[in-house]
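Notes follow once the structure below has been shown.
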Amino acid sequence: MSEFVEEGIELSFYDSVASIGKLNWERVFRDDNPFTQFEFLSALEQSLSVCSKAGWRPQHLVISSVNQVVAILPCYEKTHSWGEYVFDWAWAEAYERNGLEYYPKLVASVPFTPVSGQRIGMIESISDANRESILNRICYFLNQTVTQKQFSSWHCLFLPKKDFHHLSHLTIARLGTQFHWQNKSYTNFDDFLNQLVSRKRKSIKKERKAVEYLNYDFIDGDKATADQWQGVIHCYQQTYLKRSGHTGYLNADFFHQIASSMGKQIRLLIVTNESGNLIASALYFISASHLYGRYWGCLQEVDGLHFETCYYRGIEYAIDNGLKIFDAGAQGEHKVARGFEPVETYSNHEVAHPEFRRAIHDYCQQEQIHIKQYMQQVSEKLPFKS
């Protein structure tokens with residue numbers, strides 16, 4: 001554990017969420033976003049889905065004052081760029097071409113999870129002025145750490161707009177985009193469809209009709225059987241194996257742990273055929289306002305099944321349960337025709353090498369222009385009636 005002390009504020013790295021403690025964690029991450037909860041990040045570490053061997057060495061930054069934890073930044077020492085979803089492969093390749101080491105780097109994020117939310121949790125009583133002071137200290141401390149420990153850079157991914165704007169005065173700002181479905185007080189799925197132009201409405205109905213012979217069951221995670229959980233794991237692993245040659249970033253132990261510790265915030269969508277045999281599944285997480293679609297997998301290829309399982313059933317669930325936003329995962333322009341709208345995502349970066357910093361800063365500024373143009377162009381393709 002390394003530390004930096006100045007004016008009563010102490011900044012320290014911890015090598016696990018367990019060493020920080022659940023009570024300290026819950027004091028600073030107070031919302032119900034499932035992916036910054038102690039249980040989710042702890043399951044990643046306890047299952048060894050996240051560890052040094054996997055290229056994700058926990059280095060959580062804890063900010064304390066008078067022996068009280070006031071802020072936490074979940075952070076990892078990375079030896080690759082897999083599982084981040086804010087792509088910097090070109091930066092790493094440029095370093096390599098110039099005989100420089102890009103890895104290791106420091107990344108503040110939720111591993112394998114491109115979901116926006118709190119990245120810097122702070123206690124409720126902190127004033128806006130003190131919040132800005134802590135953000136400044138975090139930047140300074142991480143800059144010092146990068147220099148002293150010979151990291152190439154540090155990165156904070158998918159953070160809220162407010163924190164992004166403050167850090168953008170101190171770091172390189174980068175925009176991205178995802179596609180989220182927004183519940184505009186729809187009463188049911190047909191009500192949503194009726195807001196679409198005729199051609200798109202007919203296309204969705206046709207897609208759904210093609211797979212309506214299958215059975216779709218949402219099951220609360222804390223009520224699902226061991227066999228149902230095992231079915232989800234099997235679908236996830238088989239799909240990754242077919243696509244990537246490995247069984248996925250997340251191992252079976254991770255799923256068993258979140259089944260035990262987070263079941264109330266999880267929904268299993270189980271898809272079976274007429275004989276009752278499992279053919280596909282998806283895992284959904286919920287908060288008070290959001291539905292998050294994750295970890296799709298199938299054992300049998302069926303045209304349209306992915307759209308039904310990962311999009312349409314999620315939209316129905318969000319409407320039926322009064323959830324405002326459905327985040328079905330990263331990228332996917334094909335979501336636009338199904339009513340998913342482009343939204344900005346935010347990340348901040350700091351690079352130690354001065355010449356590369358200038359080049360990356362200029363690249364990100366140009367990229368912002370293209371991202372905003374792209375979002376405008378995509379918005380013009382949305383299927384809603386004028």
Side-chain angles (χ1 to χ4, degrees), residues 31-37 40 84-87 109-110 112-119 157-165 174-189 191-197 200-201 203-204 207-208 218 265-267 269 282-296 306-347 367-368 370-385:
D31 65 13
D32 63 348
N33 184 309
F35 305 108
T36 50
Q37 288 185 15
F40 186 85
E84 297 173 15
Y85 302 95
V86 176
F87 301 110
S109 71
V110 177
F112 322 123
T113 309
V115 170
S116 296
Q118 272 187 297
R119 290 297 169 268
L157 311 181
F158 296 105
L159 70 168
K161 188 174 184 179
K162 182 178 179 180
D163 289 344
F164 166 76
H165 280 311
R174 192 176 188 189
L175 281 187
T177 187
Q178 291 182 345
F179 303 97
H180 296 175
W181 182 87
Q182 300 181 35
N183 187 353
K184 299 170 184 176
S185 301
Y186 300 118
T187 56
N188 53 42
F189 194 88
D191 185 22
F192 158 63
L193 282 183
N194 287 335
Q195 310 309 311
L196 308 184
V197 296
K200 297 297 185 182
R201 185 168 63 246
S203 176
I204 291 174
E207 283 181 338
R208 301 202 74 185
F218 270 110
Q265 281 188 273
I266 296 173
R267 302 294 179 265
L269 180 55
L283 208 61
Y284 286 82
F285 291 77
I286 59 171
S287 70
S289 58
H290 283 58
L291 177 68
Y292 302 94
R294 293 293 178 270
Y295 316 139
W296 142 268
H306 177 264
F307 295 144
E308 182 67 24
T309 306
C310 297
Y311 303 153
Y312 302 141
R313 292 287 161 168
I315 289 172
E316 279 192 333
Y317 187 94
I319 293 171
D320 291 345
N321 291 274
L323 300 173
K324 298 181 183 301
I325 304 293
F326 174 29
D327 172 355
Q331 292 133 4
E333 192 175 318
H334 54 274
K335 295 173 185 170
V336 175
R338 295 162 178 88
F340 287 75
E341 303 180 40
V343 298
E344 290 182 346
T345 61
Y346 309 102
S347 63
E367 186 185 43
Q368 284 196 30
H370 295 309
I371 289 288
K372 290 180 178 180
Q373 290 174 342
Y374 170 71
M375 291 179 65
Q376 179 59 39
Q377 292 166 359
V378 167
S379 294
E380 293 169 1
K381 298 178 183 177
L382 284 167
F384 298 102
K385 298 174 183 175

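Keep in mind that this is a model prediction, so the values were computed, not measured. Sequential numbering from 1 along the given sequence is applied to the chain's residues.
- Aromatic pair F179/H334: centroids not less than 6.0 angstrom apart.
- Using a 4.5 Å heavy-atom cutoff, the side chains of V343 and T177 are not in contact.
- The structure places CD1 of I325 at 8.5 Å from CG of N183, a figure rounded to the nearest 0.5 Å.
- Put simply, the side chain of Q182 reaches to within 4.5 Å of the side chain of E341, judged on heavy atoms.
- R174 and Y346 share no side-chain donor-acceptor pair at under 3.5 Å.
- Y292 and P34 make their closest contact through CE1-CD, 3.8 Å (heavy atoms, listed as atom of the first residue, atom of the second, distance).
- Aromatic ring centres of Y85 and F158: separated by at least 6.0 Å.
- Contact check for F326 versus F340: side-chain heavy atoms found under the 4.5 Å cut-off.
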Stepwise side-chain contact (heavy atoms from CB on, under 4.5 Å) test for L323 and H290: CA-CA 6 Å; L323 300 173; H290 283 58; over 6 Å; no

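- Residues R208 and F189 form a side-chain contact, since some pair of their non-hydrogen atoms from C-beta on lies under 4.5 Å apart.
- In this structure the side chain of Y284 reaches within 4.5 angstrom of the side chain of L291, judged on heavy atoms.
- Using a 4.5 Å heavy-atom threshold, the side chains of Y312 and F192 count as separate.
- In this structure, S185 OG and I319 CD1 are separated by 10.5 Å, a value rounded to the nearest 0.5 Å.
- There is no side-chain donor-acceptor pair under 3.5 Å between Q195 and Y186.
- For the residue pair I204 and A337, the shortest heavy atom distance occurs at CD1-O, 4.2 Å.
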Verdict with reasoning, M375 to K372, per side-chain contact (heavy atoms from CB on, under 4.5 Å): CA-CA 5 Å; M375 291 179 65; K372 290 180 178 180; 5.6 Å; no

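- The side-chain heavy atoms of E84 and L157, taken from C-beta on, include a pair separated by under 4.5 Å.
- Taken to the nearest 0.5 Å, the CD1 atom of I371 stands 7.5 Å off from the OG1 atom of T345.
- Defined by atom type and a distance below 3.5 Å, a donor-acceptor pair is missing between the side-chain atoms of Y374 and Q376.
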Y295/F112 under side-chain contact (heavy atoms from CB on, under 4.5 Å): CA gap, chis, key distance, verdict: CA-CA 11 Å; Y295 316 139; F112 322 123; 5.8 Å; no

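- Scanning both residues, A330 and P114, for their nearest heavy atoms gives CB-CG, 3.7 Å.
- Under the 30°/60° scheme for interplanar angles, the aromatic rings of F218 and Y317 are found to be tilted.
- With values rounded to the nearest 0.5 angstrom, Q265 atom CD is found 9.0 Å from F35 atom CZ.
- Environment of NZ in K161: sparse, with no more than 12 heavy atoms of neighbouring residues, nucleotides or ligands closer than 6.0 Å.
- Ion pairing between D327 and R294 holds under the 4.0 Å rule for side-chain N and carboxylate O.
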Stepwise side-chain contact (heavy atoms from CB on, under 4.5 Å) test for H370 and Q373: CA-CA 5 Å; H370 295 309; Q373 290 174 342; 3.7 Å; yes

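- Taking 4.5 Å as the limit, some side-chain heavy atom of V110 sits within range of a side-chain heavy atom of T36.
- Between atom OH of residue Y311 and atom CH2 of residue W181 there is a gap of 15.0 Å, rounded to the nearest 0.5 Å.
- Listed by chain and number, the residues in a side chain to side chain donor-acceptor pair (under 3.5 Å) with H180 are Q178 (sequence neighbours excluded).
- For the pair L193 and R201, the tightest heavy-atom approach, listed with the atom from each and the gap, is O-CD, 3.2 Å.
- In the displayed structure, K184 atom NZ is contacted under 6.0 Å by more than 12 heavy atoms of other residues, nucleotides or ligands.
- The CH2 atom of W296 sits 9.5 Å away from atom CG of L269, with the distance rounded to the nearest 0.5 Å.
- Considering every non-hydrogen atom in both A282 and T309, the closest pair reads CB-CG2, 3.9 Å.
- Taking the ring axis of F307 as reference, the NZ or CZ atom of K335 does not stay both within 45° of it and closer than 6.0 Å to the ring centre.
- Of all heavy-atom pairs between L196 and K385, the closest is O-CE, 3.2 Å.
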